[in-house]
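Contents: one structure, followed by commentary.
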There are 2 protein chains.
Amino acid sequence: MSITGPDEEREFLAAYRPEDYHPVAVTVDTVALTLRGGALSVLLIRRAMPPFAGFWALPGGFVRTDKTASGHLVEEDLDEAAMRELTEETGILADSHLEQLATYGDPTRDPRMRVITVAYLALVVDPPDPVSGGDAADAAWTPVAELNLATADAAAGAGARRGRPLAFDHARILADGLERARAKLEYTPLATAFLGPEFTIAELRAVYEAVWGRRVHPGNFHRKVLSVPGFVVETGQVTERGGPRGGRRAQLYRAGDARLLHPALLRPAGEGAEQ
Amino acid sequence: MSITGPDEEREFLAAYRPEDYHPVAVTVDTVALTLRGGALSVLLIRRAMPPFAGFWALPGGFVRTDKTASGHLVEEDLDEAAMRELTEETGILADSHLEQLATYGDPTRDPRMRVITVAYLALVVDPPDPVSGGDAADAAWTPVAELNLATADAAAGAGARRGRPLAFDHARILADGLERARAKLEYTPLATAFLGPEFTIAELRAVYEAVWGRRVHPGNFHRKVLSVPGFVVETGQVTERGGPRGGRRAQLYRAGDARLLHPALLRPAGEGAEQ
DNA sequence: GAAATAGTGTCTCTTAGACAGTATCAA
DNA sequence: TTGATACTGTCTAAGAGACACTATTTC
């Protein structure tokens, strides 16, 4: 019953015709987050083509698995596809952080055919305004607070921009991406991926406050960050000036080499965000 | 440039021919874990068909997206596909826990064609011996300790059973599944999914010890589990007998309704497991 | 009774969080 | 000088882990 010899295996592979099987497409969609004016913002595009033409959506598109005009077979990894689509549709580079989120495969999630999408979470440092391209009619950094995401059950079809919900199941993907970011701030140095190479403790605290949507005690936060080995390392430099309305000049830090935070910075246990 | 009207959208969808695009296949593979004789074990199958015929692998297979002989279009969600393939190939039911792990899409991971696989983690309570079926020539619960998984970098091609490495990139998927299980024991009540409806604190501790691969202090564990709200609830019953070589009879508990553990049961910080 | 297991008491060390105080800067 | 911001000191409560002790059961 089983085929075990190398010759049989070679024959089997030669006779295998991919196009006979499995009419399914694979896309990638990216939840790209950044801090703009202190507000946690997500990169959205307005779809130029059906389905959901005119709707806002996460940037993304089909993974390249097909032959090009030159007959060359394009084979890109999923991560590469996510970065390529992000740049094509918005001009934004996911240079600070990119990680896989989850895969969504509800058979009804795309009206065209069976499409499963691999979702990514990207963080971007101090990005420019996006420039729409490809299948995107528009692109914009959108404050997360402006989207009607009930913090608990955004899965239930919420996530609207200017009154219109997001395309496909993108509201749920966005909610999952936000939760991932919130959770990873607790036990990884992910917050530093929102910031440039040098930052102050107050800027780091601003990341936590924006992502968690709650105030963090400045004094305790300061002491705690410095007490976690490898989280940040002192540069010896201080900021050029104090705050705009007075205040001491702050030490500058760089991200350390810790990949996990011990001890972790736990979210306050209290309920929902305040915004 | 953009198509926004409902008529245009309908026309576009009617003209869309899925088979023109994207020769890619989607599979699901499951890391099914259980406790057998106190040892953390994973369900493996021996492949009957190329590629990797004769190799041990994770149970899994193609997601059904094609027309059957009757012309009926089978559309199953990814979770359903994972459960179906698990049962087809091994006879085992993933009835206790099933969650998505990650998706693996390296263009070279399958010699046939572009195959991306959505990996799942399943937990099974006190399972029978598997019965191989479908494309599986054999199936067996295999103690994780018997696989040569260097705890740190099993990704690098390790994960061998009886001298032979696992098929495809399944060693890496298995390593990711184990790490997911280990991490989730810390902050979720996942350990109860390894056990039947009623269990003792010692049985719960045995789960932690098997999955983490290290001894856990009985007294402190006991007090700590009871101190976490909603982790376990007392049944009022006790075990029929004490231990086989003496010992007090133990209280029986059921899983509580907590979905997160506050405070968490953190892994001891020390390096590598002991086994 | 001896050995094993269940469960509790208690001590020390560390951490979270509240609060207050000092240091330094802009206007 | 005032007010804002950076940073530090200190106190309290709670949790982690070590250790020891009591309770109950099997052999």
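Every chain is numbered from 1 and lettered A, B, ... according to where its sequence line falls, protein lines coming before strand lines. All heavy atoms count here, side chains included; hydrogens, waters and symmetry mates do not.
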Query - First of B:E240 and B:A264 reached from the 5' end of DNA chain D, by closest nucleotide - result: B:A264
**Report entry** Rounded distance (Å) that lies between atom C1' of D:dA16 and atom OH of B:Y187
**Finding:** 21 Å
Report task. Please determine if a side-chain N or O atom of A:R241 lies less than 4.0 Å away from the OP1 or OP2 oxygen of D:dT5. Result -> no
Query raised in the report: Hey, what's the ring geometry for B:F168 with B:H170, parallel, tilted or perpendicular (30° and 60° as the breaks)?
Result: tilted
Report summary line: B:R249 has its side chain closest, among D:dA6, C:dG7, D:dT25, to D:dT25
Query - Sub-4.0 Å heavy-atom contacts from residues 231-239 of chain A onto DNA chain C, ordered by number - result: none
Query raised in the report: Judged by atom type as modelled, is there a donor-acceptor pair below 3.5 Å linking the side chain of B:R36 to the main-chain atoms of B:W141?
Result: no
Query raised in the report: Which residues satisfy the salt bridge (Lys or Arg N to Asp or Glu O under 4.0 Å) test with B:R205, sequence neighbours excluded?
Result: B:E209
Report summary line: In whole angstroms, the gap separating P of C:dA6 from CG of B:L204 amounts to 12 Å
Query raised in the report: Would you say the base of C:dA6 and the side-chain of B:R248 have a donor-acceptor pair closer than 3.5 Å?
Result: yes
Requested in this report: Starting from P on C:dC13, measure out to CG on B:L266 and report it in whole angstrom.
Outcome: 21 Å
**Report entry** Nucleotide C:dA16, atom P - distance to CZ of A:R267 in whole Å
**Finding:** 16 Å
Query - Closest to the A:R245 side chain, choosing from D:dT25, C:dA4, D:dT5 - result: D:dT5
Query - Spacing of B:I201 atom CD1 relative to C:dG7 atom P, expressed in whole Å - result: 7 Å
Requested in this report: Identify, residue by residue, the members of residues 218-227 of chain A with a heavy atom below 4.0 Å from DNA chain C, and return them in order of residue number, or none.
Outcome: A:N220, A:R223, A:K224
Report task. Assign each of A:G247 and A:H217 to its nearest nucleotide of DNA chain D by heavy atoms, then name whichever residue's nucleotide is nearer the 5' end. Result -> A:G247
Query - Ion pair check, B:R267 and B:E179, cut-off under 4.0 Å - result: yes
Report summary line: Between NE2 of B:H262 and C1' of C:dA16 the distance, given in whole Å, is 14 Å
